[in-house]
Every structure is written in structure tokens, then in C-alpha cells.
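Note that the structure is predicted; figures quoted are calculated from it, not measured.
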Amino acid sequence: MHPHPLDPVDRTILNALQRDGRATVGDLAEAVSLSTSPCWRRVRALEDAGVIAGYHAHLHRQRVGWGVLGFVQLALHDHTADTTSALEREVMAMPQVLSCHNLSGRYDYQLEVVAADLASFADYVRTHVRSLPGVREISTSFSLKEVKRTMALPL
């Protein structure tokens, strides 16, 4: 996948949308000194090119009942395509897993998992994560303090 070429106007539009995904086309047009129609066409082109992948509300996890954020590292028995595909397919269906990364190094995968409290986190790991295909070893750690979380990319 090759990067989409971005000119300064595109970058300004994208930065504005990263700050406020609810910005109107009028707000964006003003930020880039364009009229609304050409600005709307640029936003549409960025969406069509897949540069803008979606618009999301950022929720405060504790206020919606997810008091614990943990990281679960997984080492697999084997690395066959069947095992990794099965694991990834099951992880995709796990709503409490916020992200999953295939890693280099000691562990093969890292999951970012939310839970209501420590007891429910432990139960989730025992009942759901341990049963994932091919899991040989699990290591967990917890976020004591979230220093930074952003989805905004530097442009």
C-alpha cells in the first residue's frame, strides 16, 4: 500500500478533522481558504482514496464502565498460517480487545484489553484469551496511568 500524495491544503483539512471530526465543510473551507464546494470535493476525494478511514466519537472508558486497561502478550506454540489466521479471526470477534498487534521479539501478539475491574480482567483472560488457538504463554501488564492516547497522526 503506497501513501496517498497530500498537498498542504489536504494536510490542513486532515489536521482539522483529526482535531474535530464533527467540523462542518464550512469550518474546513474557512480553515483552508477555499469555498465550500471545492473543500467538500477534497474531503470526498480523501475519503474515496481511503485516507480518511472513518469518523468516530472518542469515549472516556472509565465513564462507560471500563475501569481497567491491560496489555496481554501472547506467545504461540507454532506460527503456521492456520494457527495465526484462526487466532486473528477469534480476536477480531472479541469486543473487549481494543487492539491486537503481531509483534517481533519474544511475544507474537499483544492485545489491548478493557475490563470493568481486576477480577473481570482476570476472568476474561482465563476464559477467553487462554482458549485462543495456539496460545503457549501469556504475560499481562496493566496501565497504571494513561499519559497519552491519540488517534491523530502527525502530518
Where [X] and [Y] come nearest, the two heavy atoms and their spacing:
{"X": "D10", "Y": "D7", "value": "N-OD1, 2.8 Å"}
{"X": "I138", "Y": "T140", "value": "CG2-CG2, 4.0 Å"}
{"X": "S35", "Y": "P38", "value": "OG-CD, 2.9 Å"}
{"X": "V32", "Y": "C39", "value": "CG2-SG, 4.3 Å"}
{"X": "E90", "Y": "M94", "value": "O-CG, 3.2 Å"}
{"X": "Y55", "Y": "G21", "value": "CD2-O, 3.6 Å"}

Do [X] and [Y] sit in the same hydrophobic cluster, where Ile, Leu, Val, Met, Phe, Trp and Tyr count as joined when their side-chain heavy atoms come under 4.5 Å apart?
{"X": "L28", "Y": "L6", "result": "yes"}
{"X": "Y109", "Y": "V91", "result": "yes"}
{"X": "V68", "Y": "V64", "result": "no"}
{"X": "L103", "Y": "V72", "result": "no"}
{"X": "I52", "Y": "V9", "result": "yes"}

Would you find a donor on one side and an acceptor on the other, under 3.5 Å apart, between the side chain of [X] and the backbone of [Y]?
{"X": "D123", "Y": "A119", "value": "no"}
{"X": "S85", "Y": "D82", "value": "no"}
{"X": "T12", "Y": "P8", "value": "yes"}
{"X": "D27", "Y": "T24", "value": "yes"}

* To do: Quick one: list whatever passes side chain to side chain contact (heavy atoms under 4.5 Å, CB included) with A122, sequence neighbours left out.
  =>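 For A122, the residues satisfying side chain to side chain contact (heavy atoms under 4.5 Å, CB included) (neighbours in sequence not counted) are R126.
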
What's the separation between atom [atom1] in [X] and atom [atom2] in [Y], rounded to the nearest 0.5 Å?
{"X": "R11", "Y": "L46", "atom1": "CZ", "atom2": "CG", "result": "11.0 Å"}
{"X": "D20", "Y": "N15", "atom1": "CG", "atom2": "CG", "result": "13.0 Å"}
{"X": "N102", "Y": "Q110", "atom1": "CG", "atom2": "CD", "result": "11.5 Å"}

Below 4.5 Å, heavy atoms only, C-beta onward: do [X] and [Y] meet side chain to side chain?
{"X": "V135", "Y": "V129", "answer": "no"}
{"X": "W40", "Y": "L34", "answer": "no"}
{"X": "L155", "Y": "Q18", "answer": "yes"}
{"X": "F71", "Y": "H101", "answer": "no"}
{"X": "F121", "Y": "Q96", "answer": "no"}
{"X": "W66", "Y": "L59", "answer": "no"}
{"X": "L87", "Y": "L76", "answer": "yes"}
{"X": "T83", "Y": "H77", "answer": "no"}

* Quick one: do R149 and H58 satisfy side chain to side chain contact (heavy atoms under 4.5 Å, CB included)? Show the steps, please. => CA-CA 10 Å; R149 175 176 288 275; H58 179 83; 3.9 Å; yes

* **Neighbour count >12 (heavy atoms, 6.0 Å) for atom CZ, R22** =>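 No, not enclosed.
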
* To do: Flag yes if more than 12 heavy atoms outside Q73 fall under 6.0 Å of its CD atom; otherwise flag no.
  =>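 More than 12 heavy atoms, drawn from other residues, nucleotides or ligands, come within 6.0 Å of this atom.
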
* To do: Begin with the C-alpha distance, continue with both residues' side-chain angles, and end with the deciding distance and a verdict on side chain to side chain contact (heavy atoms under 4.5 Å, CB included) for H128 and V113.
  => CA-CA 11 Å; H128 292 86; V113 178; over 6 Å; no

* Verify whether one side chain among D117 and S120 offers a donor that lies under 3.5 Å from an acceptor in the other. =>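 Yes - a donor-acceptor pair under 3.5 Å links their side chains.
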
